[in-house]
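Presented below is the structure to which this report refers.
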Amino acid sequence: MTSSHGMHSYHLVDMSPWPLTGSISAMMLTTGLVKWFHQFNMDLLILSFVATILTMIQWWRDITREGTYQGLHTSIVMNGLRWGMILFIVSEVLFFFSFFWAFFHSSLAPTVEIGMCWPPLGVQPFNPFQIPLLNTTILLSSGATVTWAHHAIMESNHTQAIQSLALTIILGFYFTALQAFEYMEASFTIADSVYGSTFFVATGFHGLHVIIGSTFLAICWFRLYSCHFSAYHHFGFEAAAWYWHFVDVVWLFLYVFIYWWGG
């Protein structure tokens, strides 16, 4: 393969401003959160959101051009991207492992400070057979529809791929809306003992991952609608599907151990 850097099959990226603007946006985001928490001023936080979104749009645009129009994503490059996504998901598994560790550490041997019982006295946990069970059904259904979309892409069935992926995105945002409603109806807060802390941190970070995954799939839907994917070249969608299945599996553990067993 001939590239701007010589004869090889690897992709050496061109100079780009987006890593710099992305890091500045991240610094603004954390600083803006601190300012919001302490001074109740959201100006810097809103500016950081705008900068982050603009960086994301333009960085993703450049990567789409490289892979779809310039042909820079060769089989060797694609293999590297696959390994990168696998390692990223492994790091996410370890991220959630720490939350489960904290939950089991507190629930299996409750201390005297929380009444030596689990859930702690005064905390009314959620009924696992109401909204949590509905959310489980929604996420499992979305896992089926994203698999349907993947097979439709591999079989070059453009119409079914668009429809099934759109259904997956709708289910993802429906899950988020139900979890937000659940939080608003909660009888306890993140400040209510270690139960509230572990519950809201674990389920809240999972909810954030659902929002990220839904956004990931929405970008893939737009690319699919624009005919960027083929039966043999669709790793962007494949990575989103892997991430979505990971989100599904984490929710199953959350539902079984935190909502059902831990409640």
*Run the numbers on Phe126 and Tyr183 for ring-ring contact (aromatic ring centres under 6.0 Å, His included), then give the verdict.*
CA-CA 10 Å; Phe126 290 102; Tyr183 280 6; 7.7 Å; no

*Can you list the steps and then say if Val250 with Phe246 is a side chain to side chain contact (heavy atoms under 4.5 Å, CB included)?*
CA-CA 6 Å; Val250 170; Phe246 159 74; 3.5 Å; yes

*Give every residue pair that meets the side chain to side chain donor-acceptor pair (under 3.5 Å) criterion with at least one member in residues 115-132, sequence neighbours excluded.*
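Matches after skipping sequence neighbours: none remain.
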
Please check if the side chain of [X] supplies one atom and the backbone of [Y] the other of a donor-acceptor pair under 3.5 Å.
X      : Y      : result
Ser197 : Ile190 : yes
Trp18  : Met56  : no
Gln58  : Leu54  : yes
Ser106 : Phe103 : no

*By ring-ring contact (aromatic ring centres under 6.0 Å, His included), which residues pair with Phe99, not counting sequence neighbours?*
Phe95, Phe96, Phe205

*Can you name the ring-ring contact (aromatic ring centres under 6.0 Å, His included) partners of Phe237, sequence neighbours left out?*
His150

Do the side chains of [X] and [Y] join up, straight or via other hydrophobic residues, at under 4.5 Å, putting them in one cluster?
X      : Y      : answer
Trp244 : Trp242 : yes
Trp251 : Ile170 : no
Leu217 : Ile138 : yes
Val210 : Phe181 : yes
Phe173 : Leu140 : no

Output the distance between atom [atom1] ([X]) and atom [atom2] ([Y]), rounded to the nearest 0.5 Å.
X      : Y      : atom1 : atom2 : answer
Leu224 : Ile219 : CG    : CD1   : 13.0 Å
Trp148 : Leu165 : CH2   : CG    : 11.0 Å
Lys35  : Thr30  : NZ    : OG1   : 13.0 Å
Asn135 : Leu178 : CG    : CG    : 5.0 Å
Asp248 : Thr136 : CG    : OG1   : 10.0 Å

[X] vs [Y] side-chain heavy atoms within contact, under 4.5 Å:
X      : Y      : result
Thr111 : Met116 : no
Leu134 : Tyr174 : yes
Tyr243 : Met85  : yes
Arg223 : His234 : no
Ser48  : Leu45  : yes
Pro120 : Ser193 : yes
Leu139 : Leu171 : no
Arg65  : Asp62  : yes

*Which word best sums up how the rings of Trp261 and Phe104 line up, parallel for under 30°, tilted for 30 to 60°, or perpendicular for over 60°?*
tilted

*With under 30° as parallel and over 60° as perpendicular, where do the rings of His73 and His233 fit, or are they tilted in between?*
parallel

Could you tell me whether [X] atom [atom1] has more than 12 heavy atoms of other residues or ligands within 6.0 Å of it?
X      : atom1 : result
Tyr232 : OH    : no
Phe200 : CZ    : yes
Phe97  : CZ    : no
His158 : NE2   : yes

Nearest heavy-atom neighbours spanning [X] and [Y]:
X      : Y      : result
Thr74  : Gly71  : CG2-O, 4.3 Å
Cys220 : Gly236 : SG-O, 3.5 Å
Ile258 : Tyr195 : O-OH, 4.3 Å
Val256 : Trp260 : O-CB, 3.3 Å
Val123 : Pro125 : O-CD, 3.3 Å
Leu133 : Tyr255 : CD1-OH, 3.6 Å

*Which residue, Tyr259, Phe257, Phe100, forms the ring-ring contact (aromatic ring centres under 6.0 Å, His included) with Phe199?*
Tyr259

*Should Gln179 and Thr203 be marked as a side chain to side chain contact (heavy atoms under 4.5 Å, CB included) after you check the CA-CA gap, both sets of side-chain angles, and the distance that decides it?*
CA-CA 9 Å; Gln179 191 169 37; Thr203 60; 3.7 Å; yes

*Hey, could you give me each pair passing ring pair (Phe, Tyr, Trp, His ring centres under 6.0 Å) that has a residue in residues 19-51? Not counting sequence neighbours.*
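Residue pairs passing ring pair (Phe, Tyr, Trp, His ring centres under 6.0 Å), neighbours aside: none found.
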
*Linked hydrophobic residues, Ile24 as query - side chain contacts closer than 4.5 Å*: Leu20, Met28, Leu44, Leu47

*Verify the distance criterion only: is there a donor paired with an acceptor across the side chains of Ser142 and Thr168 at less than 3.5 Å?*
no

*Looking at Phe229 versus Phe235, is the centre-to-centre ring distance below 6.0 Å?*
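So the answer is no for these two rings.
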
*Show your reasoning for whether side chain to side chain contact (heavy atoms under 4.5 Å, CB included) applies to Leu72 and Val77.*
CA-CA 8 Å; Leu72 297 175; Val77 174; over 6 Å; no

*With sequence neighbours excluded, what pairs up with Glu182 under the salt bridge (charged side-chain N to carboxylate O under 4.0 Å, His left out) test?*
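Listed in chain order: nothing, the list is empty.
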
*Would His206 and Phe175 count as a ring-ring contact (aromatic ring centres under 6.0 Å, His included) if you check the C-alpha gap in whole Å, the side-chain angles of each, and the deciding distance to 0.1 Å?*
CA-CA 11 Å; His206 176 268; Phe175 174 94; 5.7 Å; yes

*Begin with the C-alpha distance, continue with both residues' side-chain angles, and end with the deciding distance and a verdict on side chain to side chain contact (heavy atoms under 4.5 Å, CB included) for Thr215 and Ile212.*
CA-CA 5 Å; Thr215 305; Ile212 294 170; 5.7 Å; no

*asked:* side-chain hydrogen bond (donor to acceptor under 3.5 Å, both in side chains) for Gln160 and His151? Distances and angles first, verdict last.
replied: CA-CA 9 Å; Gln160 281 196 19; His151 283 278; over 6 Å; no

*Is there a side-chain hydrogen bond (donor to acceptor under 3.5 Å, both in side chains) between Tyr69 and His228 once you walk through the steps?*
CA-CA 9 Å; Tyr69 302 116; His228 288 177; 2.9 Å; yes

